[in-house]
Amino acid sequence: MIALNHLTAGYPGRPVLSDVTLSFPPGEILVLAGPNGCGKSTLIRTALCLQPRLGGEILYDGVPAETLPPRKLAQRAAYLAQSRQVPNITAGRMVLHGRFPYLSYPRRYSPRDREIARQALARVDGAELAPRPMPQLSGGQRQKVYLAMVLAQDTQTVFLDEPTTYLDPRHQLEVMETARWLAGQGKAVVLVLHDLCLALRTADRLALLDRGGLVYLDTPEAVFSSGTLAQVFGVRLGRIDTPEGPRYFYQ
């Protein structure tokens with residue numbers, strides 16, 4: 001499990017987040033929410049050691065993250081960033097990049113690597129994309145491929161920063177179903193979402209970031225009932241109960 005203890009993150013002389021204590025337990029979906037610029041992506045990148053922490057500690061199964069080599073970090077946590085370069089390779093080859101942390105030099109994919117990548121692309125309903133060049137795919141199709149690459153990495157913790165970007169509502173719900181499936185496999189899933197209704201519907205816990213810190217952490221129902229969402233975002237939400245569970249809407 002990854003744990004952040006009194007973490008300060010940002011840039012030298014300009015911290016974005018201070019004194020954040022947060023953990024990512026296996027089998028749970030944690031949604032990070034907050035206004036633009038509040039530090040959601042900064043928190044993830046710091047937790048992954050992609051940018052230096054300014055204070056506090058980051059522990060991977062109790063071990064300080066900075067003592068682990070990059071390859072070991074990549075075997076424990078996968079990351080889907082908000083935006084990526086689009087290389088001129090096929091979608092199938094892109095998904096295989098998720099297996100890099102497990103390969104020695106020179107990189108040679110085993111039949112098992114190829115099967116894991118194939119299953120990952122099928123999992124996101126993108127099997128037919130495998131032979132197609134990445135530049136020829138739509139934004140939504142590329143997002144499916146990147147998500148499959150993360151699945152192929154097969155880590156205990158998965159960070160997805162705005163994974164529903166470019167996707168229509170049906171495919172957004174499919175991504176949330178994939179997140180729930182990952183949690184059901186015992187993985188910790190951390191999502192950054194701007195859609196509050198989708199966040200409340202999906203999360204096991206919701207971490208609300210604002211004003212340079214963690215302002216609320218609890219179940220979706222507790223966060224909704226607290227009124228904190230209205231204070232932070234300046235919007236009103238309603239809730240209705242359905243046979244499938246509570247559903248939230250903007251008022």
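Values below: all heavy atoms of this structure, side chains included; hydrogens, waters and symmetry mates excluded. Residue numbers start at 1 and run along the sequence shown.
- Residues Arg93 and Ile89 approach most closely at CG-CD1, 3.8 Å, considering heavy atoms.
- Between Lys187 and Asp154 there is a salt bridge, since at least one side-chain N of the basic residue sits less than 4.0 Å from a carboxylate O of the acidic one.
- Under a hydrophobic clustering in which Ile, Leu, Val, Met, Phe, Trp and Tyr are joined whenever their side-chain heavy atoms come within less than 4.5 Å, directly or via other members, Tyr79 and Leu22 fall into the same cluster.
- Leu200 and Phe249 fall into different hydrophobic clusters, where Ile, Leu, Val, Met, Phe, Trp and Tyr residues are linked whenever their side-chain heavy atoms come under 4.5 Å apart, directly or through other members.
- Listed for the Arg53 side chain is no donor-acceptor partner under 3.5 Å among the backbone atoms of Gly10.
- Checking Glu221 against Ser225 by side-chain atom types alone, a donor-acceptor pair falls below 3.5 Å.
- Listed for the Glu174 side chain is no donor-acceptor partner under 3.5 Å among the backbone atoms of Pro169.
- In the hydrophobic clustering of this structure, Ile44 does not group with Ile29; members are Ile, Leu, Val, Met, Phe, Trp, Tyr whose side-chain heavy atoms approach within less than 4.5 Å, directly or through other members.
- In this structure, Arg76 pairs ionically with Asp61, as a charged nitrogen and a carboxylate oxygen lie closer than 4.0 Å.
- Using a 4.5 Å cut-off between side-chain heavy atoms of Ile, Leu, Val, Met, Phe, Trp and Tyr, with links allowed through other members, Leu30 and Leu196 fall into different hydrophobic clusters.
- The shortest distance between side-chain heavy atoms of Val190 and Leu32 falls below 4.5 Å.
- Using a cutoff of 4.0 Å between basic side-chain nitrogens and carboxylate oxygens, Asp204 and Arg180 are scored as salt-bridged.
- Inspection of the Ser41 and Gln82 side chains reveals an N or O donor paired with an N or O acceptor under 3.5 Å.
- Ile58 is connected to Leu209 through a chain of hydrophobic side-chain contacts under 4.5 Å among Ile, Leu, Val, Met, Phe, Trp and Tyr, so both are in one cluster.
- A distance-only check finds no donor-acceptor pair linking the side chain of Gln156 to the backbone of Ala77 [under 3.5 Å].
- Side chains of Leu217 and Leu206 form no contact here, defined as non-hydrogen atoms less than 4.5 Å apart.
- To the nearest 0.5 Å, the span separating OG1 on Thr178 from CG on Leu151 amounts to 6.5 Å.
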Please lay out, stage by stage, how Val16 and Thr8 fare under the test side chain to side chain contact (heavy atoms under 4.5 Å, CB included). CA-CA 8 Å; Val16 176; Thr8 296; over 6 Å; no

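- The aromatic rings of Phe24 and Phe159 sit perpendicular to each other, their planes meeting at more than 60°, with 30° as the lower class boundary.
- A donor-acceptor contact under 3.5 angstrom links the side chains of Asn36 and His194, judged on distance only.
- Looking at Arg99 and Ile116, their side chains come closer than 4.5 Å, going by heavy atoms from C-beta outward.
- The shortest side-chain heavy-atom distance between Arg201 and Leu173 falls under the 4.5 Å cut-off.
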For salt bridge (charged side-chain N to carboxylate O under 4.0 Å, His left out), just list the numbers for Glu115 and Arg118, CA-CA rounded to whole Å, side-chain angles, deciding distance to a tenth of an Å, and then say yes or no. CA-CA 5 Å; Glu115 178 60 18; Arg118 186 195 66 77; 2.6 Å; yes

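- Between the side chains of Thr157 and Thr155, no donor N or O sits under 3.5 Å from an acceptor N or O.
- Side-chain contact between Lys144 and Val175 is absent, with no heavy atoms from C-beta onward closer than 4.5 Å.
- Side-chain contact check for Thr165 versus Gln143: some heavy-atom pair is nearer than 4.5 Å.
- A cation-pi contact links Arg84 to Tyr146, judged by a cut-off of 6.0 Å to the six-membered ring centre and 45° from its axis.
- Geometrically, Arg236 does not engage Tyr250 in a cation-pi contact, judged by NZ or CZ lying under 6.0 Å from the ring centre and within 45° of the ring axis.
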